[in-house]
Amino acid sequence: MPLSNKYIQQRIEKAKILKEAGFNPYANNSQRNTNIEKFLNVNSDIAESEEKRDENRHYIVSGRIKLMRIMGKASFVKIEDESGMLQVYVARDNLPEGFYNTIFKKNIEVGDIIEVGGYPFVTGQGELSLHADSLSLLTKSINPLPEKFHGVTDKEIRYRKRYLDLIMNAEVRKTFQIRSRVISLTRRFFEDKGFLEVETPMMHPIAGGANAKPFVTHHNALGIDRYLRIAPELYLKRLIVGGFEAVFEINRNFRNEGMDATHNPEFTSIEFYWAYKTYKDLIEITKEYFGYLFDHLDLPTLLPYGDMKVNFDNFQEIPLIESLTTIGGVPVEVTQDKEKIITYLNDKGITVKPGMNLGQLQGELFDAFVEEKLIDPTFITEYPVEISPLARRSDTNPDITERFELFIAGREIANAFSELNDPIDQLSRFEGQMKAKDSGDDEAHEMDKDFVEALSYGMAPTAGQGIGIDRLVMLLTNEHSIRDVLLFPAMKPLNSEETPEEE
RNA sequence: GUCUCGUUAGCUCAGCUGGUAGAGCACGUCACUUUUAAUGAUGUGGCCGAUGGUUCGAAUCCAUCACGGGACACCA
């Protein structure tokens, strides 16, 4: 039963008393004229003044009570709004007769949202505070807040009841403010470059643009299944066919796979496509983009991440095959031979699925021996064609593609390539993926005939890139679980939440 | 999916090799007009995650399940 515990009953009783005394526990008459941050900034000169107070200034601030120190005839109350925390001095004799003892002390408590008017002063302990001459309740909180010192630390509570986490942990608010800024800056960066922001479908007839298992939903009126998109790629490229030359989309993708510290079933990415450019241009714009973010977020380019220090002034670039040897320590002769790779992996205690081709095996080597060693930002280039079904082949070597992935702090942050725009080649790549699917690879790419048809009208040479926004925010905020950069991460339902659906 | 740790008051946590539940904060009452997790006194507060089992007796031991954390696997 919600709202049934004894603390809540006690608080409901207080709300009733307040109402009977003429104080609306859910008042809607806020007179606030400044926020706490502004109050503290504007009045920072009080500390230097002779009087340590200025009774000619008057402000009305609002916020949630986080702490109360009640003494006989005066109290200190800490209130918090989105911008910060403020100490308010509440003395009996500055308030209407009887208010302090019968209303304030008895019926207003930690968690309530109040409004206070008064003048700025500095306490004996040197804290700039508000000297209250009026105090009113805006919103009664009938559910007590967690403990004032430890707060909520239980991750389950923090994720399931993010509102409590946000009330109790100011640094969590900070993380999400940074996330918001990253998205806003990303949008501005691409707009300033002349990119057009577009929205493409979230419900796809064919889940294309990546190798992943989709969520399925159903359209009742049409009687057909739809897939929640796993990537917007194929729609964005259709727009390039249509004549837009630079487009981007920042939005959610959905993948029906496991959840862990770096995977949530829905996640946010930006994908952008740029006609008449190649993956080389993408490397340059990516460096510029990171510079832009660091500038505007005022972050040091030597950025701590866990035990690591990531140097954002040290972008590296290395072909995948070369990285296997120089970074992964895999002997050169191993990297070009299927059997030798399998033997090498087995020797290191890694088993691979049977039937893998050379490109896939090289990918396995990379995942096992290179990825986690890429701390400073590194563009890994020249991916094998077998694991790059949508990327353009190199003109000089048909086995590799004009592609890179960007790795930072041992993790993939971006995936980019010169787009495949040869419809015949695209068709045969899709057919190759179909074969892989038939032989058991249920994450192989789906055939999308309409996309091939779109390409058949001619898509200008184009470069395209996807950047995982969640992982980028993790990196920039030094968070190590994707759940800490998602306001409402996916959670299993609790027993009590289960809705009887089936049968 | 596998392994592992956890789940005790509103919150943060104790609770030994089984004997029927404890602290701090919060809350109630009293005192206190410059406190800083205010202080002092006093009191209330528990289906010990769920279900079964072992036992005279289970928060404690065992099994199963649920949820969560971490690691691995899968996957971007």
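Convention: sequence-line order gives letters A, B, ...; per-chain numbering from 1.
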*Would you classify A:Ala212 as touching base, sugar-phosphate or nothing, given that sugar-phosphate means primed atoms plus P, OP1 and OP2, and contacts are heavy atoms under 4.0 Å?*
sugar-phosphate
*Considering residues at least two apart in sequence or located in another chain, which fulfil the side chain to side chain contact (heavy atoms under 4.5 Å, CB included) criterion with A:Asp54?*
A:Ile46, A:Asn56, A:Arg57
*Tell me, which pairs form a ring-ring contact (aromatic ring centres under 6.0 Å, His included) where one or both residues lie in residues 133-173 of chain A, sequence neighbours left out?*
none
*Under the 3.5 Å Watson-Crick or G-U criterion, the dot-bracket string of RNA chain B, with | for inter-strand pairs*: (((((((..((((.....[..)))).(((((.......))))).....(((((..]....))))))))))))....
*Just by protein heavy atoms under 4.0 Å, how would nucleotides 29-39 of chain B read 5' to 3' in B, S and -?*
SS-BBBBBBB-
*Earlier contact from the 5' end, RNA chain B, for A:Ala490 and A:Phe267*: A:Ala490
*Which whole-number value in Å describes the distance from A:Asp260 CG to B:rC74 P?*
12 Å
*Test salt bridge (charged side-chain N to carboxylate O under 4.0 Å, His left out) applied to A:Arg69 - qualifying residues, sequence neighbours left out*: none
_Just to verify, what does A:Val485 make a side chain to side chain contact (heavy atoms under 4.5 Å, CB included) with, not counting sequence neighbours?_
A:Thr175, A:Arg179, A:Asp470, A:Val473, A:Met474, A:Thr477, A:Glu479, A:Ile482
*Assess the pair A:Phe407 and A:Phe366: is the distance between their ring centroids shorter than 6.0 Å?*
yes
*Base, sugar-phosphate, or nothing for A:Gly151, non-hydrogen atoms under 4.0 angstrom?*
sugar-phosphate
_Syn/anti state of B:rC47 by chi, 90° boundary around 0_ = syn
*Mind running a 4.0 Å heavy-atom check of residues 363-381 of chain A against RNA chain B and sending the residues that fall below it, in number order?*
none
_Suppose we screen for side chain to side chain donor-acceptor pair (under 3.5 Å). Which residues come up paired with A:Thr123, at least two apart in sequence or across chains?_
none
Show the atom names and distances, to 0.1 Å, of all donor-acceptor pairs under 3.5 Å that link a side chain in residues 128-136 of chain A to residues at least two apart or in another chain.
| from | atom 1 | to | atom 2 | distance (Å) |
| --- | --- | --- | --- | --- |
| A:Ser129 | OG | A:Gln87 | NE2 | 3.1 |
| A:Ser129 | OG | A:Glu127 | O | 2.9 |
| A:Asp133 | OD1 | A:His58 | NE2 | 3.3 |
| A:Asp133 | OD2 | A:His58 | NE2 | 3.2 |
| A:Ser134 | OG | A:Gly117 | N | 3.3 |

*For A:Lys435, what residues pass the salt bridge (charged side-chain N to carboxylate O under 4.0 Å, His left out) criterion, not counting sequence neighbours?*
none
*With sequence neighbours excluded, what pairs up with A:Asn101 under the side chain to side chain contact (heavy atoms under 4.5 Å, CB included) test?*
A:Arg92, A:Lys105
_I'd like to check the side chain to side chain contact (heavy atoms under 4.5 Å, CB included) partners of A:Asp81; sequence neighbours left out, ordered by chain and number._
A:Arg32, A:Asn35, A:Ile36, A:Ser83
